[in-house]
Protein chains: 2
Amino acid sequence: MARRSDHSREELKEMAIAAGQRIIAEEGFANFSARKAAREIGYTIGTIYNVFESHDDFILHINVVTLRDMAVFLEAKASGSGQQVIKQLAAGYSEFAKENYNRWSALFEHNLPEGQELPDWYNDEIKKLFYIVEKHFEAVVKNKKSVEIAAKTIWASIHGICQLSLTGKLDTVGVKSIKTLTDSLVDNYMRGLVS
Amino acid sequence: MARRSDHSREELKEMAIAAGQRIIAEEGFANFSARKAAREIGYTIGTIYNVFESHDDFILHINVVTLRDMAVFLEAKASGSGQQVIKQLAAGYSEFAKENYNRWSALFEHNLPEGQELPDWYNDEIKKLFYIVEKHFEAVVKNKKSVEIAAKTIWASIHGICQLSLTGKLDTVGVKSIKTLTDSLVDNYMRGLVS
DNA sequence: ACCTGAACACCGTTCAAGT
DNA sequence: ACCTGAACACCGTTCAAGT
């Protein structure tokens, strides 16, 4: 059957991605399925595969929206300077992750098969996100190479603290809040960096 | 049918877990299924549910073995003292994660539904793993509370660096190796800690 | 008591066949 | 050209029915 053309290819993509975002946000990544998204937008599963290359491709298109939302959120939080802004970014990251737990954790519950690399348009969004951190190190660290290393180290470390804390994998018996750990990280790392 | 009793309940559990380990190691977490594990041990899916509470429970039993293997691996690597041993642990963590990528990433690709906490027997294994790091901080840091904070911060940070690096989510264009970042972390954090 | 296997309600992926 | 829907080979979960 069919050739409804109610929506353009681009419209279909956007509708499917929006539906996917809603499903992941409300039901979690484990309960997401392409069929469910198709049902939500009133099309059949065949249409999803007409518009996306594969299940993985569909998920990457959903996740990149989360990445973009996170970049906007972090930009708005980074108002200070020097060490203070790094703490704001750490607080911002953990706040975003907590408030958007299902969407945020989908970013890491989904991985491409071993050996397969993320597409450029996805990596570009990671790069933008990371650059928000990097630019604030340029005032503190002189050497350009060192800026990149410092920014990547801090960024990945903050992520690790949030990841293990929020997924309950940091032996939470000690009741250390995320803030205690990110403060410890930023305070000591930055002190070591400038000394 | 049936009451074969070829194997005791405990034997069945161990066989199923071993099969699960093999499937995840060879095919990745995304391609693991309880049915596949059942087939591998020559039983039906019903038997899996006879022996495990649920799919999540089965996965946790598989993942806890990886946690135990990792603890043994890390213990063997931590031969130095002070700052050197922290670097050995960082190198050990990334080595284990790289050499056992599929098993290691299953640890984080699987998360319980929001709000549900990890069982005690699983948390205990995390605690043991973490304690390997913690005990090496006791020589460096006096205050007992500070030891725990420092150890958790470093542990989570090392994990974050490995996670983003190995899953390709650290914008690898800059070709920063894991070692560069963990060295930067340990060097600066420790310098800040003792100054 | 132990294990099966069918039943149920799902999946991702492909593609011939309709409009 | 666009979309469908059936087909295929799978899932997790439950449970009556066999031995």
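These numbers come from a predicted model, not from an experiment. So that the names make sense, note that chain A is the first sequence line, chain B the second, and so on, each numbered from 1.
Among pairs with a residue in residues 186-195 of chain A, those fulfilling salt bridge (charged side-chain N to carboxylate O under 4.0 Å, His left out) read A:Lys87-A:Asp187, at least two apart in sequence or across chains. Within the structure, the ring pair (Phe, Tyr, Trp, His ring centres under 6.0 Å) test picks out the following pairs touching residues 114-137 of chain A (sequence neighbours left out): A:His61-A:Trp121. Counting only residues at least two apart or in different chains, ring pair (Phe, Tyr, Trp, His ring centres under 6.0 Å) contacts with residues 10-37 of chain B comprise B:Phe32-B:His55, B:Phe32-B:Phe58.
Taken residue by residue, residues 18-35 of chain B places heavy atoms nearer than 4.0 Å to DNA chain C at B:Arg35. Proximity of residues 50-60 of chain B to DNA chain D (heavy atom under 4.0 angstrom from any strand atom) is restricted to B:Ser54, B:His55.
The same atom, C1', is picked in D:dC10 and in D:dA6; the two are 16 Å apart, to the nearest Å. Going from the P atom of D:dT19 to that of D:dC15 covers 22 Å, rounded to whole Å. Remark: the separation of the P atoms in C:dA9 and D:dA9 is 22 Å, to the nearest Å.
In this structure, the salt bridge (Lys or Arg N to Asp or Glu O under 4.0 Å) partners of B:Lys135, at least two apart in sequence or on a different chain, are B:Glu75. With sequence neighbours excluded, the residues satisfying salt bridge (Lys or Arg N to Asp or Glu O under 4.0 Å) with B:Glu95 are B:Lys77. A:Ser54 meets the side-chain contact (heavy atoms from CB on, under 4.5 Å) test with A:Asp56, A:Asp57; sequence neighbours excluded. Checked against salt bridge (Lys or Arg N to Asp or Glu O under 4.0 Å), B:Arg68 has the following partners two or more places apart in sequence or in another chain: B:Glu125.
Counting heavy atoms of neighbouring residues, nucleotides and ligands inside a 6.0 Å radius, atom CD of B:Glu11 exceeds 12 of them.
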Donor-acceptor pairs under 3.5 Å, side chain of residues 33-48 of chain A to any protein atom, not counting sequence neighbours: which ones?
unit_1: A:Ser33; atom_1: OG; unit_2: A:Lys36; atom_2: N; d: 3.0
unit_1: A:Lys36; atom_1: NZ; unit_2: A:Glu27; atom_2: OE1; d: 2.8
unit_1: A:Lys36; atom_1: NZ; unit_2: A:Asn31; atom_2: O; d: 2.8
unit_1: A:Glu40; atom_1: OE1; unit_2: A:Arg22; atom_2: NE; d: 3.3
unit_1: A:Glu40; atom_1: OE1; unit_2: A:Arg22; atom_2: NH2; d: 2.3
unit_1: A:Tyr43; atom_1: OH; unit_2: A:Arg4; atom_2: NH2; d: 3.1

Let me have the donor-acceptor pairs involving side chains of residues 96-106 of chain A, under 3.5 Å, with sequence neighbours excluded, atom names and distances please.
unit_1: A:Asn100; atom_1: ND2; unit_2: A:Phe96; atom_2: O; d: 2.9
unit_1: A:Asn102; atom_1: ND2; unit_2: A:Ala25; atom_2: O; d: 3.1
unit_1: A:Asn102; atom_1: ND2; unit_2: B:Glu114; atom_2: OE1; d: 3.3
unit_1: A:Arg103; atom_1: NH1; unit_2: A:Gln21; atom_2: OE1; d: 2.6
unit_1: A:Arg103; atom_1: NH1; unit_2: A:Asp69; atom_2: OD2; d: 3.0
unit_1: A:Arg103; atom_1: NH2; unit_2: A:Asp69; atom_2: OD2; d: 3.4
unit_1: A:Trp104; atom_1: NE1; unit_2: A:Tyr93; atom_2: OH; d: 3.0
unit_1: A:Ser105; atom_1: OG; unit_2: A:Tyr101; atom_2: O; d: 3.1
unit_1: A:Ser105; atom_1: OG; unit_2: A:Asn102; atom_2: O; d: 3.4
unit_1: A:Ser105; atom_1: OG; unit_2: A:Glu109; atom_2: OE2; d: 3.1

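Note: CG (B:Asp6) to P (C:dC3) measures 8 Å, nearest angstrom. Distance CG (B:Leu12) to C1' (C:dC2): 10 Å, rounded to an integer number of Å. Per the geometry, CD belonging to B:Glu11 stands 14 Å off C1' belonging to C:dC2, to the nearest Å. Between the C1' atom of D:dA1 and the OH atom of A:Tyr43 lies a distance of 13 Å, rounded to the nearest Å.
A donor-acceptor pair under 3.5 Å links the side-chain atoms of B:Gln88 to the main chain of B:Gly80, judged by distance alone.
For the pair A:Arg39 and C:dC11, the criterion of a side-chain N or O lying under 4.0 Å from OP1 or OP2 is met. The phosphate of C:dC2 (OP1 or OP2) has no side-chain N or O of B:Thr47 nearer than 4.0 angstrom.
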Intra- and interstrand pairs of DNA chain C - dot-bracket, Watson-Crick/G-U under 3.5 Å, | marks other strand: ||.|||||...|||||.||
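Of the candidates C:dA6, C:dT4, C:dT14, C:dA6 carries the atom nearest the B:Ile45 side chain, counting heavy atoms from C-beta on.
In this structure, A:Ile48 reaches neither bases nor backbone, as no heavy-atom distance under 4.0 Å exists between it and the strands shown.
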